[in-house]
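For reference, the structure discussed in these notes is given below.
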Amino acid sequence: MKASEFPDPFKTARTTDGVLQMTDHGESVHMVLRMDDLRACAKNWETFSSGTAIPGRIVVPSEEDIREVRQIPVETDPPVHAAFRKLLDVWFKRPLDKAYQEVLEKMIDELLDEVLQMDRLEVVSDFALKLQSHALTLLLNVPCEEATTWISWGTHVFRSEATSLDKDKSAVLDDYIARQIDQAIKTPGKDIYSQLLAAEVDGRKLTREEVHGISNLTFAGGRDTVINVITNTFAYLAENPQHLEQLHQSPRMAALAVEELVRYFAPLTHLGRISTKQTTVCEHAIQQDQKISLCWAAANRDESVFDHPDEVQLDRRQNPHVGFGFGHHKCLGATHARQVIRLMLTQLANKVKSIEILDYQENHEGLGDISRKVGFDELNVRLIRR
Ligand code: EMZ
C-alpha cells in the first residue's frame, strides 16, 4: 500500500448494514456510517444529545476518565449551544481577515524555509506540530513564544507517546489553561481568555469554568486532527507530484483541494451522541442513554454521494463532505484550519518541486474489530526546492 493511501475500513458495513457496532469504555457504540442517516441523526439533537452530564463521554474513545472539564460548545445542546456559538463565531471567523492571513502566510513561509535547509525532515514533529502550534497563537491572539510550550506537549494534548489517554497529561493542559485565566483576570489583554472573561452569553458573564471549557476544546479539538491533515498532505503530494505541479500552476485550486483533503483524510473519525430515548438507527434498537457515533470518516466515502470516493480529486467540485462535522455542531475551528491548509498548499507548491519519502511509521486507530489509518507517527522526507 502506498503511504498516501488511506483505505476505507467501513465500506462493507456501510453498504450492507449502515451501522457498525463497537464497544468503548464498557459501553456499546453504534457507529452511523451512511451520509443520509448521519445527517438525520446530527439534526435530531433532541434524541441524540451532546449535552451529557458526563464530560468526555461523547468522545470515542471516551475521555470521561481523563478530564473533568466540559468542552464548550461541543458538549452542549440547543439552546445553550446557540448562545455560545453566537458569541464564539465572531472570534473564530477572524481567519477570514486579510491581515490575519498575511501573518499566517509569513509564519508558514518561515517554517518552510527552515525545513528546506534539512536533508531529512520528519514532517510530524519538525513541521506539522510546529505549524499547528504557531498558527494557534494567532487564533488565541497570544504571543508567538507561547507555541514553544505547546510544542513540548507533543502531538496530542491527552495522549502520551504510547498513544493511550493519559490523565496526567490532561492535567498539564488544565493547569496551563488555569494559569492563563488567572493571568487574564489580573491583567486583561486582547487574548482569547481576557476576551471571553469580558464577554456575555445570554445577558450574563461567562463563568470561569465555561472559559476553561472553551479553551480546553480549542487546544484539544484542533491538535492531532490538524497535524494529521498537514502530515498526510505531504505524503499525498510526495506520491502525486503532478498535483503539486497543478497547485503551482493554478494556486486558486488550493481552496477546493483543502475540502477534498479534509474529505479524504477525515481527521476526526467520529463523534458520539447519547440517546435520550428508546429509538432505532438502521433498524438497530438503541436504548435510552445508549451511545451512537456519527462517523464522518465513513460518510465521507459514501458512494451514493461521491463519485469514486476512494480517489483524491483535488479539484472535486461537488463535495458536501462532513470532515468538519455537520449541523449546528460543525467545527468551530474550521475557518482557521481551512486557511492553515490552504496557505500551506500554496506556499508548498511555490517553494517545493517534489517531495521524496524516505521512511514512515503509520498511525492506526482501533475501532473494535477494525482499525483505521489516520496518519503517521513519523514521516521522513526530503524536500526538493523549486
Ligand atoms: C475533542 C475532539 C474534537 C477531543 C470536536 O471534538 O478531538 C479530539 O482529538 C479530542 O481529544 O477532546 O476535542
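In each ligand, atom 1 is the first atom listed, and ligand 1 is the first ligand listed. Because only heavy atoms are used, hydrogens play no part in the values below, and waters and symmetry mates are left out as well, while side chains stay in.
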**Item:** ligand 1 versus Thr225: contacting region, heavy-atom distance under 4.0 Å
**Value:** neither
**Message:** Below a 4.0 angstrom heavy-atom separation, can you tell me which part of Glu63, side chain or backbone, both or neither, approaches ligand 1?
**Reply:** side chain
[X] and [Y] aromatic centres sub-6.0 Å:
X      : Y      : value
Phe92  : His336 : no
Phe127 : Phe234 : yes
Trp153 : Tyr176 : yes

Number the atoms of ligand 1 from 1 as they appear, then name those within less than 4.0 Å of a heavy atom of [X], with their elements.
X      : result
His156 : 9 (O), 11 (O)
Leu217 : 13 (O)
Phe158 : 11 (O), 12 (O)
Gly221 : 3 (C), 7 (O), 13 (O)
Arg67  : 12 (O)

**Fill in**
Closest to atom 1 (C) of ligand 1 among protein heavy atoms sits Gln71 OE1, 3.5 Å
**Complete:** of all protein heavy atoms, closest to atom 8 (C) of ligand 1 is Ala220 O, 4.2 Å
**Prompt:** For Ser49 and Asp77, does a side-chain donor sit closer than 3.5 Å to a side-chain acceptor?
**Reply:** yes
**Asked** If every non-hydrogen atom of Glu362 is compared with every non-hydrogen atom of Tyr360, which pair is closest and at what distance?
**Response** OE2-CE1, 3.7 Å
**Message:** Listing request: all salt bridge (charged side-chain N to carboxylate O under 4.0 Å, His left out) pairs with a residue in residues 327-345, at least two apart in sequence or in separate chains.
**Reply:** Glu259-Arg338
**Message:** Can you confirm whether Arg14 sits close enough to Asp302 that some side-chain heavy atom of one is under 4.5 Å from a side-chain heavy atom of the other?
**Reply:** yes
**Asked** Do any nitrogen or oxygen atoms of Asp224 come within less than 3.5 Å of a nitrogen or oxygen of ligand 1?
**Response** yes
